[in-house]
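Before any comments, here is the structure.
Residue numbering restarts at 1 for every chain, and letters A, B, ... go by the order of the sequence lines.
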Amino acid sequence: MIANTIVFLLIAVAGGLGSSWYMIERGSGLTTERSGPWTAWTAAGREDADPYTRAHFIRRGTLPVSTAFVLTYEAISDGEGQRLHSSCEYALEGDEPTARFWSISVFDEDGRLIPNAADRYAYNSATLLRSAGGNLQIALARSARPGNWLPTAGAGRFSLLLTVEGRDPSRSWEPPSIRRVKCR
Amino acid sequence: MMLGWIRRLSWYTVLLALVVGGLIHIGATMIVPPLAKANAFQELAQVLPVNRMRILPPINAATQPLPYVGPDVRLAVCRFDVVDGPVTIRVTLPDSGWMLALYTEGGDNFFVLPAQEGRSADLSLTLTPRDERSFSLLSLGGRPAQTSVSQIEVPENTGFAVVRAPMRGRAFAGEIEAMLKRASCAVDRG
(Lines give C-alpha, C1' and ligand atoms only; values in the text may rest on other atoms or scores of the structure.)
Protein backbone atom coordinates (compact mmCIF):
# COMPACT_ATOMS: atom_id res chain seq x y z
CA MET A 1 0.00 0.00 0.00
CA ILE A 2 2.77 2.43 0.99
CA ALA A 3 4.85 1.45 -2.02
CA ASN A 4 1.90 2.05 -4.32
CA THR A 5 1.22 5.46 -2.77
CA ILE A 6 4.87 6.51 -3.09
CA VAL A 7 5.03 5.38 -6.70
CA PHE A 8 1.75 7.14 -7.48
CA LEU A 9 2.95 10.43 -5.98
CA LEU A 10 6.34 10.17 -7.66
CA ILE A 11 4.94 9.54 -11.11
CA ALA A 12 1.82 11.68 -10.95
CA VAL A 13 2.86 14.73 -8.96
CA ALA A 14 6.65 14.89 -9.25
CA GLY A 15 6.66 13.55 -12.80
CA GLY A 16 3.81 15.76 -13.97
CA LEU A 17 5.13 18.97 -12.43
CA GLY A 18 8.79 18.19 -13.12
CA SER A 19 8.26 17.39 -16.79
CA SER A 20 6.16 20.52 -17.22
CA TRP A 21 8.87 22.65 -15.59
CA TYR A 22 11.56 21.09 -17.77
CA MET A 23 9.60 21.56 -21.00
CA ILE A 24 8.88 25.21 -20.15
CA GLU A 25 12.30 26.13 -18.78
CA ARG A 26 14.66 24.12 -20.97
CA GLY A 27 12.50 22.97 -23.89
CA SER A 28 12.86 19.81 -25.92
CA GLY A 29 13.72 18.79 -29.45
CA LEU A 30 10.12 19.57 -30.38
CA THR A 31 10.32 23.21 -29.30
CA THR A 32 13.97 24.16 -29.55
CA GLU A 33 16.94 23.95 -31.88
CA ARG A 34 20.22 23.17 -30.16
CA SER A 35 23.72 23.84 -31.37
CA GLY A 36 26.45 23.06 -28.84
CA PRO A 37 25.63 25.09 -25.72
CA TRP A 38 23.16 27.29 -27.62
CA THR A 39 19.39 26.84 -27.59
CA ALA A 40 16.88 28.64 -29.79
CA TRP A 41 13.11 28.45 -29.28
CA THR A 42 11.92 27.93 -32.82
CA ALA A 43 8.34 29.16 -32.36
CA ALA A 44 9.05 32.19 -30.16
CA GLY A 45 6.68 35.08 -30.78
CA ARG A 46 4.63 33.18 -33.34
CA GLU A 47 0.89 32.74 -33.59
CA ASP A 48 1.33 28.98 -33.83
CA ALA A 49 3.63 28.80 -30.81
CA ASP A 50 3.13 25.67 -28.74
CA PRO A 51 2.03 26.00 -25.07
CA TYR A 52 5.56 25.37 -23.78
CA THR A 53 7.06 28.18 -25.87
CA ARG A 54 4.26 30.58 -24.88
CA ALA A 55 4.69 29.70 -21.21
CA HIS A 56 8.48 30.04 -21.44
CA PHE A 57 8.39 33.60 -22.75
CA ILE A 58 5.39 34.82 -20.79
CA ARG A 59 6.96 33.54 -17.57
CA ARG A 60 10.12 35.45 -18.43
CA GLY A 61 8.15 38.62 -19.04
CA THR A 62 10.15 39.54 -22.09
CA LEU A 63 9.43 40.68 -25.65
CA PRO A 64 9.96 37.84 -28.11
CA VAL A 65 9.86 38.86 -31.74
CA SER A 66 8.56 36.29 -34.18
CA THR A 67 11.18 33.81 -35.33
CA ALA A 68 10.02 34.65 -38.84
CA PHE A 69 12.27 37.71 -38.41
CA VAL A 70 14.64 37.15 -35.53
CA LEU A 71 16.18 33.96 -34.20
CA THR A 72 17.56 34.20 -30.68
CA TYR A 73 20.01 31.67 -29.28
CA GLU A 74 20.64 31.46 -25.56
CA ALA A 75 23.56 29.81 -23.78
CA ILE A 76 23.68 29.17 -20.04
CA SER A 77 26.64 26.79 -20.12
CA ASP A 78 30.02 26.52 -21.81
CA GLY A 79 31.01 24.00 -24.46
CA GLU A 80 31.69 21.38 -21.80
CA GLY A 81 28.28 21.77 -20.22
CA GLN A 82 29.45 23.72 -17.14
CA ARG A 83 27.18 26.56 -16.04
CA LEU A 84 28.49 29.98 -17.12
CA HIS A 85 29.72 31.81 -14.02
CA SER A 86 31.43 35.13 -13.45
CA SER A 87 34.19 33.44 -11.45
CA CYS A 88 35.44 32.02 -14.76
CA GLU A 89 36.76 33.59 -17.93
CA TYR A 90 35.49 32.46 -21.35
CA ALA A 91 36.37 32.91 -25.01
CA LEU A 92 33.66 33.06 -27.66
CA GLU A 93 35.12 32.00 -30.98
CA GLY A 94 33.55 31.26 -34.32
CA ASP A 95 32.21 32.67 -37.54
CA GLU A 96 29.91 35.64 -37.80
CA PRO A 97 26.47 34.81 -39.16
CA THR A 98 25.73 36.04 -42.66
CA ALA A 99 22.84 38.23 -41.61
CA ARG A 100 21.48 41.76 -41.85
CA PHE A 101 22.17 42.29 -38.17
CA TRP A 102 23.29 40.23 -35.21
CA SER A 103 24.15 40.94 -31.60
CA ILE A 104 25.54 39.14 -28.55
CA SER A 105 24.48 40.35 -25.10
CA VAL A 106 25.33 39.15 -21.63
CA PHE A 107 22.74 39.00 -18.83
CA ASP A 108 22.69 37.82 -15.26
CA GLU A 109 20.63 34.82 -14.21
CA ASP A 110 17.44 36.90 -14.07
CA GLY A 111 17.88 38.46 -17.49
CA ARG A 112 19.21 41.76 -16.17
CA LEU A 113 22.16 43.53 -17.75
CA ILE A 114 25.27 43.34 -15.60
CA PRO A 115 26.24 46.81 -14.30
CA ASN A 116 29.80 47.77 -15.18
CA ALA A 117 31.93 50.90 -15.33
CA ALA A 118 32.55 50.53 -19.06
CA ASP A 119 28.77 50.61 -19.72
CA ARG A 120 29.30 47.64 -22.01
CA TYR A 121 26.74 44.87 -22.35
CA ALA A 122 26.82 43.69 -25.95
CA TYR A 123 28.52 43.58 -29.33
CA ASN A 124 26.78 43.56 -32.65
CA SER A 125 27.61 43.28 -36.34
CA ALA A 126 28.37 47.00 -36.42
CA THR A 127 30.41 47.35 -33.23
CA LEU A 128 32.53 44.17 -33.18
CA LEU A 129 36.27 44.61 -33.66
CA ARG A 130 37.34 42.09 -36.29
CA SER A 131 40.50 40.03 -35.93
CA ALA A 132 42.92 39.64 -38.83
CA GLY A 133 41.20 36.39 -39.79
CA GLY A 134 37.81 38.05 -39.68
CA ASN A 135 36.50 35.65 -37.05
CA LEU A 136 34.27 36.49 -34.15
CA GLN A 137 36.25 36.59 -30.92
CA ILE A 138 34.88 37.95 -27.66
CA ALA A 139 36.33 37.58 -24.16
CA LEU A 140 33.95 37.24 -21.22
CA ALA A 141 35.81 38.19 -18.06
CA ARG A 142 35.62 40.13 -14.82
CA SER A 143 38.34 42.60 -15.78
CA ALA A 144 39.25 44.27 -19.06
CA ARG A 145 40.77 42.25 -21.89
CA PRO A 146 42.25 43.50 -25.17
CA GLY A 147 39.93 43.35 -28.18
CA ASN A 148 36.26 42.57 -27.71
CA TRP A 149 35.48 42.23 -24.02
CA LEU A 150 32.18 41.79 -22.20
CA PRO A 151 32.35 42.38 -18.43
CA THR A 152 30.79 39.75 -16.17
CA ALA A 153 32.02 40.82 -12.70
CA GLY A 154 29.53 40.30 -9.91
CA ALA A 155 26.97 38.45 -12.03
CA GLY A 156 27.31 34.98 -10.51
CA ARG A 157 25.59 32.70 -13.00
CA PHE A 158 24.99 34.43 -16.29
CA SER A 159 23.66 33.79 -19.77
CA LEU A 160 24.42 34.90 -23.31
CA LEU A 161 21.88 35.88 -25.94
CA LEU A 162 22.82 35.78 -29.60
CA THR A 163 20.22 37.47 -31.79
CA VAL A 164 20.31 37.03 -35.55
CA GLU A 165 18.08 39.01 -37.91
CA GLY A 166 17.70 38.22 -41.59
CA ARG A 167 20.17 35.36 -41.79
CA ASP A 168 21.02 34.06 -45.23
CA PRO A 169 19.65 30.48 -45.06
CA SER A 170 21.66 29.38 -48.08
CA ARG A 171 24.91 29.67 -46.10
CA SER A 172 25.56 27.21 -43.32
CA TRP A 173 26.54 28.65 -39.99
CA GLU A 174 26.99 27.47 -36.41
CA PRO A 175 26.87 29.73 -33.35
CA PRO A 176 30.31 30.41 -31.82
CA SER A 177 31.91 28.01 -29.38
CA ILE A 178 32.16 28.98 -25.71
CA ARG A 179 35.51 27.92 -24.28
CA ARG A 180 36.28 28.15 -20.58
CA VAL A 181 39.73 29.73 -20.31
CA LYS A 182 40.24 29.64 -16.55
CA CYS A 183 38.41 29.90 -13.25
CA ARG A 184 39.34 31.71 -10.10
CA MET B 1 14.68 -6.57 -1.84
CA MET B 2 14.19 -4.13 -4.69
CA LEU B 3 12.66 -6.88 -6.80
CA GLY B 4 10.21 -7.77 -4.03
CA TRP B 5 9.26 -4.15 -3.66
CA ILE B 6 8.56 -3.87 -7.38
CA ARG B 7 6.52 -7.09 -7.30
CA ARG B 8 4.24 -5.56 -4.69
CA LEU B 9 3.43 -2.67 -7.02
CA SER B 10 0.04 -2.63 -8.63
CA TRP B 11 0.35 -1.95 -12.36
CA TYR B 12 -3.07 -0.40 -12.12
CA THR B 13 -1.54 2.20 -9.77
CA VAL B 14 1.30 2.88 -12.20
CA LEU B 15 -1.11 3.29 -15.10
CA LEU B 16 -3.35 5.60 -13.08
CA ALA B 17 -0.32 7.62 -11.95
CA LEU B 18 0.77 8.06 -15.57
CA VAL B 19 -2.68 9.34 -16.55
CA VAL B 20 -2.92 11.68 -13.55
CA GLY B 21 0.70 12.79 -14.12
CA GLY B 22 -0.18 13.64 -17.71
CA LEU B 23 -3.15 15.71 -16.57
CA ILE B 24 -1.02 17.52 -13.98
CA HIS B 25 1.59 18.18 -16.69
CA ILE B 26 -1.02 19.71 -19.00
CA GLY B 27 -2.65 21.70 -16.21
CA ALA B 28 0.66 23.07 -14.92
CA THR B 29 1.72 24.09 -18.43
CA MET B 30 -1.56 25.82 -19.20
CA ILE B 31 -1.73 27.69 -15.90
CA VAL B 32 1.67 29.34 -16.27
CA PRO B 33 0.62 32.14 -18.69
CA PRO B 34 -2.32 33.43 -16.59
CA LEU B 35 -0.30 33.16 -13.37
CA ALA B 36 2.68 34.90 -14.97
CA LYS B 37 0.62 37.95 -15.88
CA ALA B 38 1.88 39.64 -12.73
CA ASN B 39 5.20 39.91 -14.51
CA ALA B 40 7.49 42.52 -15.97
CA PHE B 41 4.79 43.51 -18.45
CA GLN B 42 2.65 44.63 -15.56
CA GLU B 43 5.55 46.66 -14.21
CA LEU B 44 5.92 48.28 -17.60
CA ALA B 45 2.19 48.98 -17.76
CA GLN B 46 2.35 50.93 -14.52
CA VAL B 47 4.83 53.46 -15.87
CA LEU B 48 3.38 53.90 -19.35
CA PRO B 49 0.54 56.30 -20.14
CA VAL B 50 -2.44 54.81 -21.97
CA ASN B 51 -2.71 55.42 -25.72
CA ARG B 52 0.43 57.52 -25.92
CA MET B 53 3.71 56.58 -27.53
CA ARG B 54 6.65 56.76 -25.14
CA ILE B 55 10.26 56.50 -26.31
CA LEU B 56 12.20 54.47 -23.80
CA PRO B 57 15.71 55.70 -22.96
CA PRO B 58 18.78 53.97 -24.41
CA ILE B 59 19.02 50.63 -22.68
CA ASN B 60 21.68 49.97 -20.05
CA ALA B 61 21.75 48.28 -16.64
CA ALA B 62 19.89 51.19 -15.02
CA THR B 63 17.21 51.66 -17.69
CA GLN B 64 16.53 48.11 -18.90
CA PRO B 65 12.73 47.95 -19.23
CA LEU B 66 12.27 44.18 -19.37
CA PRO B 67 14.41 41.08 -18.79
CA TYR B 68 16.56 39.89 -21.68
CA VAL B 69 16.20 43.14 -23.60
CA GLY B 70 19.68 44.33 -24.57
CA PRO B 71 21.15 47.66 -25.58
CA ASP B 72 21.13 46.82 -29.29
CA VAL B 73 17.59 48.05 -29.73
CA ARG B 74 15.79 51.32 -28.99
CA LEU B 75 12.14 50.94 -28.17
CA ALA B 76 9.10 53.17 -28.34
CA VAL B 77 6.10 51.67 -26.58
CA CYS B 78 2.40 52.48 -26.52
CA ARG B 79 0.18 50.83 -23.96
CA PHE B 80 -2.99 50.71 -26.01
CA ASP B 81 -6.56 50.42 -24.77
CA VAL B 82 -9.36 50.20 -27.36
CA VAL B 83 -12.27 50.25 -24.89
CA ASP B 84 -13.04 53.91 -25.69
CA GLY B 85 -12.71 53.36 -29.42
CA PRO B 86 -10.20 52.40 -32.08
CA VAL B 87 -6.60 53.46 -31.55
CA THR B 88 -4.44 54.57 -34.44
CA ILE B 89 -0.70 53.99 -34.42
CA ARG B 90 1.53 55.90 -36.82
CA VAL B 91 5.13 54.82 -37.26
CA THR B 92 8.10 55.38 -39.51
CA LEU B 93 10.03 52.21 -40.30
CA PRO B 94 12.91 53.54 -42.37
CA ASP B 95 15.28 50.61 -42.61
CA SER B 96 15.58 46.85 -42.40
CA GLY B 97 15.44 45.59 -38.84
CA TRP B 98 12.87 48.19 -37.80
CA MET B 99 9.49 46.78 -36.90
CA LEU B 100 6.22 47.39 -35.15
CA ALA B 101 5.13 44.50 -32.96
CA LEU B 102 1.84 44.16 -31.10
CA TYR B 103 1.58 42.21 -27.85
CA THR B 104 -1.21 41.29 -25.50
CA GLU B 105 -0.74 42.31 -21.87
CA GLY B 106 0.31 38.73 -21.20
CA GLY B 107 3.18 39.10 -23.66
CA ASP B 108 1.80 37.25 -26.69
CA ASN B 109 3.17 38.74 -29.91
CA PHE B 110 0.08 38.68 -32.15
CA PHE B 111 1.20 40.91 -35.01
CA VAL B 112 4.42 42.12 -36.59
CA LEU B 113 4.88 44.79 -39.23
CA PRO B 114 8.50 44.89 -40.40
CA ALA B 115 10.17 47.55 -42.51
CA GLN B 116 10.01 46.46 -46.11
CA GLU B 117 11.79 47.67 -49.21
CA GLY B 118 9.48 49.09 -51.85
CA ARG B 119 6.88 50.16 -49.32
CA SER B 120 6.43 53.55 -47.75
CA ALA B 121 8.33 53.91 -44.47
CA ASP B 122 5.44 55.90 -42.99
CA LEU B 123 2.71 53.54 -41.91
CA SER B 124 -0.58 53.83 -40.09
CA LEU B 125 -2.41 51.06 -38.32
CA THR B 126 -5.78 51.27 -36.56
CA LEU B 127 -6.47 48.86 -33.72
CA THR B 128 -10.12 47.97 -33.21
CA PRO B 129 -11.83 46.00 -30.45
CA ARG B 130 -12.57 42.38 -31.17
CA ASP B 131 -16.32 42.88 -31.53
CA GLU B 132 -15.94 45.47 -34.28
CA ARG B 133 -15.75 44.23 -37.80
CA SER B 134 -12.37 44.44 -39.48
CA PHE B 135 -12.44 45.09 -43.17
CA SER B 136 -8.85 44.67 -44.18
CA LEU B 137 -7.15 41.44 -45.11
CA LEU B 138 -4.39 41.03 -42.59
CA SER B 139 -2.04 38.35 -41.54
CA LEU B 140 -2.13 37.97 -37.80
CA GLY B 141 -0.10 36.51 -35.08
CA GLY B 142 3.52 37.32 -35.60
CA ARG B 143 3.38 36.89 -39.33
CA PRO B 144 4.20 39.83 -41.53
CA ALA B 145 1.52 41.90 -43.17
CA GLN B 146 2.13 41.55 -46.89
CA THR B 147 0.27 44.61 -48.11
CA SER B 148 -0.52 48.10 -46.89
CA VAL B 149 -2.06 47.66 -43.51
CA SER B 150 -4.84 49.86 -42.27
CA GLN B 151 -6.78 48.10 -39.56
CA ILE B 152 -6.45 45.17 -37.22
CA GLU B 153 -8.81 43.60 -34.73
CA VAL B 154 -6.94 43.06 -31.47
CA PRO B 155 -7.46 39.83 -29.48
CA GLU B 156 -7.66 41.74 -26.18
CA ASN B 157 -8.70 45.33 -25.52
CA THR B 158 -5.39 46.22 -23.91
CA GLY B 159 -1.82 45.50 -24.85
CA PHE B 160 1.42 46.99 -26.09
CA ALA B 161 2.52 48.36 -29.44
CA VAL B 162 6.30 48.29 -29.62
CA VAL B 163 8.40 50.06 -32.24
CA ARG B 164 11.76 48.31 -32.34
CA ALA B 165 14.79 50.00 -33.87
CA PRO B 166 18.16 48.24 -34.17
CA MET B 167 21.02 50.24 -32.65
CA ARG B 168 23.84 49.87 -35.13
CA GLY B 169 26.26 51.99 -33.10
CA ARG B 170 26.21 55.26 -31.22
CA ALA B 171 26.74 57.27 -34.41
CA PHE B 172 23.16 56.45 -35.40
CA ALA B 173 21.60 57.32 -32.04
CA GLY B 174 20.35 60.78 -33.05
CA GLU B 175 18.86 59.58 -36.31
CA ILE B 176 17.11 56.66 -34.59
CA GLU B 177 15.67 58.89 -31.89
CA ALA B 178 14.37 61.33 -34.52
CA MET B 179 12.58 58.50 -36.33
CA LEU B 180 11.13 57.13 -33.10
CA LYS B 181 9.79 60.59 -32.24
CA ARG B 182 7.63 60.42 -35.33
CA ALA B 183 5.72 57.48 -33.86
CA SER B 184 2.34 58.24 -32.31
CA CYS B 185 -0.55 56.40 -30.71
CA ALA B 186 -3.97 57.96 -30.06
CA VAL B 187 -7.67 57.16 -29.80
CA ASP B 188 -9.56 57.95 -33.02
CA ARG B 189 -11.90 60.84 -32.29
CA GLY B 190 -13.32 60.94 -35.80
Exercise for the section: State, to 0.1 Å, how close A/Arg112 and B/Leu66 come at their nearest heavy-atom pair, and which atoms those are. Expected result: NH1-C, 4.3 Å
Practice task
Could you pull out the closest heavy-atom pair between A/Tyr121 and B/Ala61, with the gap in Å?
Solution key: OH-N, 3.3 Å
Problem - Candidate pair A/Phe107 and B/Val69, rule side-chain contact (heavy atoms from CB on, under 4.5 Å), full reasoning - result: CA-CA 9 Å; A/Phe107 297 93; B/Val69 177; 5.9 Å; no
Practice task
Report the C-alpha separation of A/Met23 and B/Thr29 in whole Å, then their side-chain angles, then the decisive distance to 0.1 Å, and conclude whether the side-chain contact (heavy atoms from CB on, under 4.5 Å) test is met.
Solution key: CA-CA 9 Å; A/Met23 293 289 282; B/Thr29 303; 6.0 Å; no
Exercise for the section: Would you name the heavy atoms of B/Met167 and A/Phe101 that are closest together and state the gap between them? Expected result: O-CZ, 3.8 Å
Practice task
Measure from the ring center of A/Tyr52 to the ring center of B/His25 and say whether it is less than 6.0 Å.
Solution key: yes
Practice task
Examine whether an atom of A/Ser159 lies under 4.5 Å from a heavy atom of chain B, and if so say whether it belongs to the side chain, the backbone or both; otherwise answer neither.
Solution key: side chain
Practice task
Let me know if B/Val19 has heavy atoms under 4.5 Å from chain A in its side chain, its backbone, both or neither.
Solution key: neither
Completion exercise
Per-residue tally against chain B (heavy atom, under 4.5 Å) across A/Val70, A/Asp110, A/Thr127 peaks at A/Asp110
Exercise for the section: Please step through side-chain contact (heavy atoms from CB on, under 4.5 Å) for the pair A/Arg54 and B/Asn109, ending with a clear verdict. Expected result: CA-CA 10 Å; A/Arg54 285 190 68 237; B/Asn109 178 203; over 6 Å; no
Exercise for the section: Side-chain contact test, heavy atoms from C-beta onward, threshold under 4.5 Å: evaluate it for B/Val20 versus A/Phe8 and give yes or no. Expected result: yes
Handout entry: Residue part contacting chain B, namely of A/Ser105, when any heavy atom lies under 4.5 Å
Key = side chain
Practice task
Is it possible for you to say whether B/Val187 and B/Val82 belong to one hydrophobic cluster, with membership spreading through side-chain heavy-atom contacts below 4.5 Å?
Solution key: yes
Problem - Under 4.5 Å from any heavy atom of chain B - which part of A/Ser19 - result: both
Problem - B/Val14 vs A/Val7 side-chain heavy atoms within contact, under 4.5 Å - result: yes
Handout entry: Spacing of B/Met99 atom CE and A/Glu165 atom CD [to the nearest 0.5 Å]
Key = 5.5 Å
Handout entry: Considering all heavy atoms, the nearest B/Val112-A/Ser66 contact
Key = CG2-CB, 4.3 Å
Practice task
Pick one of side chain, backbone, both or neither for B/Ile31, based on which atoms fall under 4.5 Å of a heavy atom in chain A.
Solution key: neither
Practice task
State, to 0.1 Å, how close A/Asn4 and B/Thr13 come at their nearest heavy-atom pair, and which atoms those are.
Solution key: O-CG2, 3.4 Å
Exercise for the section: Against chain A, work out which of B/Val73, B/Val162, B/Ile24 has the most heavy-atom pairs shorter than 4.5 Å and name it. Expected result: B/Ile24
Handout entry: Shortest non-hydrogen contact from B/Gly97 toward A/Arg100
Key = N-NE, 4.3 Å
Practice task
Check for a donor-acceptor pair, side chain of B/Gln64 on one end and backbone N or O of A/Gly111 on the other, with a separation under 3.5 Å.
Solution key: yes
Problem - B/Ala28 portion near chain A, given a 4.5 angstrom heavy-atom threshold - result: both
Handout entry: chain B contacts, top residue of A/Val65, A/Val13, A/Leu161 (heavy-atom pairs, under 4.5 Å)
Key = A/Val65
Practice task
Quick one: pull up CG in A/Asp108 and OH in B/Tyr68 and give me the separation to the nearest 0.5 Å.
Solution key: 7.5 Å
Exercise for the section: Select one option (side chain, backbone, both, neither) describing which atoms of A/Leu17 are under 4.5 Å from chain B's heavy atoms. Expected result: both
Fill in the blank from the handout: Greatest number of non-hydrogen atom pairs under 4.5 angstrom with chain B, of A/Pro51, A/Pro64, A/Ala49, A/Gly18, falls to A/Pro64
